[in-house]
Amino acid sequence: MPKVALFVTCVADQVFPDTAAATVRVLEAAGAEVVFPAAQTCCGQPAITAGEPAAAARLAHHHLDVFGALDAGEIDAIVAPSGSCTAMVCHHYPALLAERRTEAEALAARTFELTQYLVDVLGVVDIGARLDTTVTVHDACHGLRNLGLGHETRRLVEGAGATLVEMTEPDTCCGFGGVFSFGFPEVSTRLADSKLGHAAGTSARYLVSGDLACLMHLDGRRRKVGPGTVPQPIHIADLLASGLPPKR
Amino acid sequence: MLQRALHNLDRRLRTAGESAAAHPDWKDRAAAIRRETLLDLDGWLDRLEHSLVARGVHVHRASTPADARRVVVELAQARGARTVVKSKSMATEEIDLGNALEDAGLTSVETDLGEYIVQLAGERPSHMITPAIHKTLPQIRDVLAKEAGTDLAVDREALTAWARDRLRGEFLRADIGITGVNFAAADTGTLVLVTNEGNGRFCTTLPRVHIAVMPVEKVIPRLADAGILLPLLTTHATGQALSNYVTMISGPRRAGEVDGPDELHVVFLDNRRRTLLGTRYEEMLACIRCGACLNVCPVYRNVSGHAYDSVYSGPMGKVLTPLLSGGTEGADLPYGSTLCHACSDACPVKIPLGDMILALRADVPDPHSGARRRRRIFWTVWARAWSTPSGYRLTTALGRVSRGRVPGLQAWTSTRELPRPARESFRDRWAKEHA
């Protein structure tokens, strides 16, 4: 049984704990045993996007201390329910932690985004979830372009029996961008409207993505202008977990 | 309107995605040529100068935009020139040459149709390949009709025919033709120019003097490299396998030749480019000005080129503007990005634009140093707190108590709801369940 350390991400830990719990359920349904390293905090991504790499590096050192210490013989993989936080570790850590580059690269090599781990590492597309619904996918930017993800979420959705309806430009940014959403709220909001409009054009029930930040942005906009409208933004872990049989 | 225009351009470009130059291997070869050049930029420039001089070309080296303007203005004045025709060139936009010529009492006419419209409107180009893409056809009619002094029909062909006729006269009476350079081959001393309207060829053959303004990174080692780079440029700029006109210039008119200028001058423009060599931004000098990163950028597509308040817009402008100005211009531009990395993916010479935009946020000196200091203090305190589990627990507990009501969130919450921290964190839930 593969053993996975959950890299929960601060956003899931503090704001969306249900999504974190769903991630654990999905991983377990796929046959993995999940442990939670309690000393983890945040990967440092907010600081690097704010233009403060020194502050980000401090968090990155801590993250590397916590997850790098896990015995490779004991833990098979480190998995996060976020393409963006995974990209921080895999794409940015080796340069950010130049003096610990070898360690950082080793950590990057065993850190995976949830759908990447399920489909590309475990080779699982059917975790036993059954979904009788329609879904459209938003390709979150960092998963798509830093990690090369795309087909994984779609295969899992279809593996659960849901109908996939592609929107126009599924690979265009939702407009969040961390500090960008505060610094340029008008453009950021227009991009969210554009994404929500494309998603609505599919008449799907759910708008699924692998990044809570995008979903927080899109759902935040939806709740402001059209609460209750579809598609409802939802994380892939929440969607899949909702189709799993009740826990014994 | 802009989004529709860009969408049409994007569709053309996607169709061109099947051409050979859109193939990943082609990009790899192009990226390798550009990096080979940057490894010894000064050496290639010396070789280019040597080849150009051997062909009877005059080479001028300008380290600043002011130097470059002075070279051109003095050349024009020494020859008693009155009228200059210009082919589309970002380098001359960069040094604001048109205005410098006007200030020196010369008439300077842009001859690319889009540039001509923008010049008549008293504006700046909003896109480096399609300068007037922000204008609708009726708006263009108004601009041209005002210049014509008569009414013109809102009709693409009629308007183009009017401009063509008007510009033909300008070509014939111009004393000097000014162009940029797309590539300059060090081995042969050949200047390569890409245009679609033939105006570049008029500028380089009709006037007695041709002056080419060439940013230093335009040098390529061998003319044969153009075989890779040219189709790459046109495929990613306009979706064409090759532009309508590709002009290769090898010196002024020689005895027995029927056309070409009496004099050919090339101005090597540095403008801080060589200071980028050996830095993490060196690869920005690989840019071939195709505009692919603009077309895919969600922010550019929303705000248009003028919002950048800079000659270079879009993702490449966010990187190049602060670098070329030493941070005095465009210091805020790197923040105007969602960091979606669509630009990095689109770049045909594989410049990591997204990573550079991110790095510049830390590296560009902030004109508002007070704000930068406060920002640094905030993130330093945050990093200290969150780099220990106890500090993280304490601060997130405070966040829960305040239910996320912290100051400074209005920019978000005026258009979007912000979720509140959960009553119980995942880690607390996990600890309870696994006690």
| field | Nearest-0.5 Å distance that lies between atom CG in Asp13(A) and atom OH in Tyr392(B) | value | 3.5 Å

| remark: Smallest heavy-atom separation, Thr189(A) atom then Thr415(B) atom, equals OG1-OG1, 2.8 Å

| task | Apply side chain to side chain contact (heavy atoms under 4.5 Å, CB included) to Val8(A) and Trp430(B), showing your working. | result | CA-CA 11 Å; Val8(A) 69; Trp430(B) 178 278; over 6 Å; no

| Non-hydrogen atoms of chain B under 4.5 Å away: do they reach the side chain of His63(A), the backbone, both or neither? | neither

| request: Kindly indicate whether the side chain of Arg423(B), heavy atoms from C-beta on, has any atom under 4.5 Å from the side chain of Pro17(A). | output: no

| Val35(A) versus chain B, the contacting section by heavy-atom distance below 4.5 Å | backbone

| More than 12 foreign heavy atoms under 6.0 Å from CG of Asp65(A): is that the case here? | yes

| query | What closest approach, in Å, do Phe184(A) and Tyr335(B) show between heavy atoms, and which atom pair accounts for it? | reply | CE1-O, 3.3 Å

| message | With a 4.5 angstrom heavy-atom cut-off, is it the side chain or the backbone of Pro46(A) that approaches chain B, or both, or neither? | response | both

| request: Mind running salt bridge (charged side-chain N to carboxylate O under 4.0 Å, His left out) on Arg416(B) and Asp193(A) for me, showing each step along the way? | output: CA-CA 11 Å; Arg416(B) 293 150 293 189; Asp193(A) 285 341; over 6 Å; no

| task | Among the options Thr49(A), Leu6(A), Val187(A), Thr172(A), pick out the one with the most heavy-atom pairs lying under 4.5 Å from chain B. | result | Thr49(A)

| Looking at Arg376(B), His434(B), Arg393(B), Glu433(B), which has the largest count of heavy-atom pairs under 4.5 Å with chain A? | Arg376(B)

| note | Across all chains, not counting sequence neighbours, the side chain to side chain contact (heavy atoms under 4.5 Å, CB included) partners of Cys290(B) are Leu233(B), His236(B), Ala237(B), Ile288(B), Ala292(B), Pro348(B)

| query | Once the angle between the rings of His142(A) and His341(B) is folded into 0 to 90°, is it parallel (under 30°), tilted (30 to 60°) or perpendicular (over 60°)? | reply | perpendicular

| request: Please flag which part of Asp18(A) lies under 4.5 Å from any non-hydrogen atom of chain B: side chain, backbone, both or neither. | output: both

| Options Gly44(A), Gly177(A), Gly220(A), ranked by heavy-atom pairs under 4.5 Å with chain B, top entry | Gly220(A)

| Nearest atoms (heavy-atom pairs only) where Val303(B) meets Arg190(A) | CG1-NH2, 4.2 Å

| request: Name the region of Glu186(A), side chain, backbone, both or neither, that has any atom closer than 4.5 Å to a heavy atom of chain B. | output: neither

| In terms of heavy-atom pairs under 4.5 Å with chain B, which of Arg222(A), His61(A), Met216(A) leads? | Met216(A)

| If you count heavy-atom pairs under 4.5 Å with chain B, which of Ala21(A), Ala50(A), Ala38(A), Pro53(A) comes out on top? | Ala50(A)

| request: Let me know if Glu424(B) has heavy atoms under 4.5 Å from chain A in its side chain, its backbone, both or neither. | output: backbone

| request: Can you see which heavy atom on Gly51(A) is nearest to which on Arg361(B), and at what distance? | output: CA-CB, 3.7 Å

| query | Which bit of Ser390(B) comes within less than 4.5 Å of chain A, counting heavy atoms only: side chain, backbone, both or neither? | reply | neither

| task | Have a look at Gln14(A) and tell me which of Arg400(B), Arg427(B), Arg420(B) forms a side-chain hydrogen bond (donor to acceptor under 3.5 Å, both in side chains) with it. | result | Arg400(B)

| note | Pro419(B) and Phe16(A) have their tightest heavy-atom pair at CG-CZ, 3.9 Å

| Atom CZ of Phe426(B) and atom SG of Cys10(A): how far apart are they, to the nearest 0.5 Å? | 14.0 Å

| query | Is there a side-chain contact between His92(A) and Asp355(B) (heavy atoms, below 4.5 Å)? | reply | yes

| query | With no hydrogens and no angle check, is any side-chain donor or acceptor of Arg145(A) less than 3.5 Å from a backbone partner on Cys340(B)? | reply | yes

| message | Between Trp382(B) and Leu59(A), is there a side-chain heavy-atom distance shorter than 4.5 Å? | response | yes

| request: Identify the two heavy atoms, one from His62(A) and one from Ser387(B), that lie closest to each other, and give their separation to 0.1 Å. | output: ND1-O, 3.1 Å

| task | Name the member of Ala362(B), Ser344(B), Ala431(B) that forms the most heavy-atom pairs with chain A at distances under 4.5 Å. | result | Ala362(B)

| Contact leader toward chain B among Val66(A), Val15(A), Thr41(A), Val179(A), where contacts are heavy-atom pairs under 4.5 Å | Thr41(A)

